[in-house]
Novice: 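Structure provided below as structure tokens; questions to follow.
Atoms considered below: every heavy atom in the structure, side chains included; atoms not considered: hydrogens, waters and symmetry mates. By convention in this document, chain letters (A, B, ...) are assigned in the order of the sequence lines, proteins followed by strands, and residues within each chain are numbered from 1.
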Amino acid sequence: MSSASAHVVIVGAGHAGGTAAALLRQYGHGGPITLIGEEPIPPYQRPPLSKAWLKGEADADSLALKPVEFYGENGIDFRPNVAATALDRAAKTVTLSDGATVSYDLLILATGARAISLPIEGKDLDGILFLRTAADAETLKATVGPGKTLAVVGGGYIGLEVAASGRALGADVVVIEREERLLARVACNTLSSFFQGYHERHGVTFELGETVVGYAGADGHVTGVKLDDGRTIACDAVVVGVGAHPNDELAKAAGLECARGVVVDLDARSVTDPDVFAIGDVAHRPMPIYDRMFRMESVPNALEQAKQAASAIMGKPRPPGECPWQWSDQYDLKLQIAGYAFDVDEIVVRGDPQAGKFAVFHLKGDQVQSVEAINSPPEFMMGKMLILNRKPVDKAKLADPSVSMKEVAI
Amino acid sequence: MAKITYIEHDGTKHEIDVKTGLTVMEGAVKNNIPGIDADCGGACACATCHVYVDEAWLSKTGDKSSMEESMLDFAEGVQENSRLSCQIKVSDELDGLVVTMPESQH
């Protein structure tokens with residue numbers, strides 16, 4: 001059977017899975033497409049959940065990737081409220097939680113990642129929330145507001161976005177972070193202290209270098225977060241943002257090679273089985289500009305890999321090389337990040353953090369590995385190009401904001 | 001509702017009725033029109049919803065914010081009539097709007 005008429009089954013109806021289905025139709029795929037999702041609603045954008053949606057500036061319609069009619073009109077068999085429970089690669093079938101079995105010619109795993117829960121006392125109390133789905137965000141929005149205290153466990157980007165939205169909703173917010181600084185795993189000191197200061201000026205309190213050992217509760221509802229120094233931080237709700245774990249159990253059980261996620265090639269195809277693809281948060285994928293493989297959790301990555309898989313299935317040329325990137329909105333700050341800070345030996349700050357407009361460049365020799373740009377689109381846009389094209393830069397020019405970003409390449 | 005004509009780089013035309021209040025980008029994405037990627041979903045963070053606005057409509061689509069301006073400054077194939085389509089809100093005034101997509105959004 002040619003790929004063009006193959007039955008493509010997509011497991012996971014998030015940003016990656018939904019986009020793959022739409023792109024297959026856009027690229028002219030004529031065969032049946034089945035899209036299997038655990039949530040009750042069709043694919044939607046998750047980033048606004050911690051930003052515009054939480055603040056009431058976006059509604060369910062605007063979150064949806066496509067209108068609900070799109071799937072029926074385009075011959076996409078969208079099956080909500082079901083999970084895939086088993087994969088039989090020899091028989092080429094997927095078993096679903098409702099007992100159905102679906103046969104596939106080609107399978108796309110887009111099962112995503114799930115929020116990590118801390119295995120501590122009180123973890124099952126009501127009011128301990130994660131922010132992964134629209135339902136999570138709905139609960140959070142109903143819980144926080146004026147007169148309420150929101151405790152955020154984890155000082156990463158999700159935690160900080162929730163903190164900013166919590167303040168916008170009028171709640172008191174305290175962020176608890178195990179490391180001595182915010183964003184410790186992902187950003188440099190300059191950025192960490194900038195964000196801390198900015199959030200403090202917006203009324204957020206921080207408990208840094210504090211390990212959470214348990215949750216206090218009354219009548220089944222959380223009332224506080226217990227720290228290892230013996231204190232309890234009183235709160236009405238908790239959001240836990242301490243990272244995510246890939247949902248690769250289905251793949252592992254079916255004998256597909258997994259590292260931290262399903263191992264795939266540049267076409268997003270499993271290295272074990274040519275009829276299986278894995279895209280988005282669940283994929284452990286090559287990234288040629290860094291000459292290594294890793295797993296990413298970002299929308300641009302989900303979209304890029306959806307493109308790779310759909311292109312491979314339709315026999316289209318592979319999409320051009322990409323520079324991974326992501327963004328975050330907090331208060332009036334726009335943070336844009338390009339690349340990853342691998343093997344960095346020098347950091348160059350361009351602009352003035354005090355003015356809330358600056359960029360941090362991470363260099364390996366005279367090459368840019370990554371850039372974190374605060375309210376600085378030119379630095380982000382040009383940085384992304386420099387990273388992708390592996391162009392060397394003049395560090396003195398890079399450090400001087402009076403020199404245009406168009407002139408920093410050597 | 002406003003009728004918007006999206007023209008792909010290869011000349012393929014799509015006439016779409018777009019609800020007032022959506023952006024020109026959302027009108028394309030929700031109807032699966034090729035050529036507008038909109039990676040960031042409308043946060044003005046990526047410049048992958050770049051379009052050329054038909055000259056006759058330029059004044060009606062409003063002014064660019066400084067954020068949009070500086071994103072566009074570094075996008076590929078930028079012209080005088082370049083806009084980020086996530087920053088153009090659809091209103092009755094834009095009934096008949098014509099936009100053309102660039103060769104690539106990278």
Novice: Using non-hydrogen atoms only, which part of A/Pro378 is less than 4.5 Å away from chain B: side chain, backbone, both, or neither?
Specialist: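 Both backbone and side chain of A/Pro378 come within 4.5 Å of chain B.
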Novice: Select one option (side chain, backbone, both, neither) describing which atoms of A/Asp61 are under 4.5 Å from chain B's heavy atoms.
Specialist: both
Novice: Check whether NZ of the Lys or CZ of the Arg A/Lys406 lies under 6.0 Å from the centre of the six-membered ring of B/Phe74 and within 45 degrees of that ring's axis.
Specialist: yes
Novice: Is it the backbone or the side chain of A/Leu65 that comes under 4.5 Å from a heavy atom of chain B, or both, or neither?
Specialist: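 For A/Leu65, the contact with chain B is made by the backbone alone.
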Novice: Please check if the number of heavy atoms outside A/Lys391 that lie under 6.0 Å from its NZ is greater than 12.
Specialist: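 For A/Lys391, atom NZ is not crowded (no more than 12 foreign heavy atoms under 6.0 Å).
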Novice: If I measure from the heavy atoms of chain B, does A/Ser62 come under 4.5 Å with its side chain, its backbone, both, or neither?
Specialist: both
Novice: Evaluate the side-chain proximity of A/Arg25 to A/Ile33: yes if any heavy-atom separation is below 4.5 Å, no if none is.
Specialist: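 The answer is yes; the side chains approach within 4.5 Å.
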Novice: Among A/Ala64, A/Pro47, A/Ser376, A/Pro300, which residue has the highest count of heavy-atom pairs closer than 4.5 Å to chain B?
Specialist: A/Ala64
Novice: Between A/Leu49 and A/Tyr44, what is the shortest heavy-atom contact and its length?
Specialist: CD1-CE1, 4.0 Å
Novice: Which answer fits A/Tyr27, side chain, backbone, both or neither, if we ask what part of it has an atom under 4.5 Å from a heavy atom of chain B?
Specialist: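 Neither part; nothing is under 4.5 Å.
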Novice: Decide if atom NZ of B/Lys19 counts as having more than 12 heavy atoms of other residues, nucleotides or ligands within a radius under 6.0 Å.
Specialist: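 Incorrect, the count does not exceed 12.
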Novice: So which part of A/Gln336 gets closer than 4.5 Å to some heavy atom of chain B, the side chain, the backbone, both or neither?
Specialist: side chain
Novice: Do you know which of B/Ser70, B/Cys40, B/Gly41 has the most heavy-atom pairs with chain A at a distance under 4.5 angstrom?
Specialist: B/Cys40
Novice: Flag the pair A/Phe70 / A/Phe78 as yes when their ring centroid distance falls below 6.0 Å, and as no otherwise.
Specialist: no
Novice: Using heavy-atom distances under 4.5 Å, tell me whether B/Leu22 contacts chain A through its side chain, its backbone, both, or neither.
Specialist: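 For B/Leu22, there is no contact with chain A at all, as no heavy atom is under 4.5 Å.
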Novice: Name the orientation class of the two ring planes belonging to A/Phe358 and A/Phe194 (parallel below 30°, tilted from 30 to 60°, perpendicular beyond 60°).
Specialist: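 The arrangement is perpendicular - the two ring planes meet at more than 60°.
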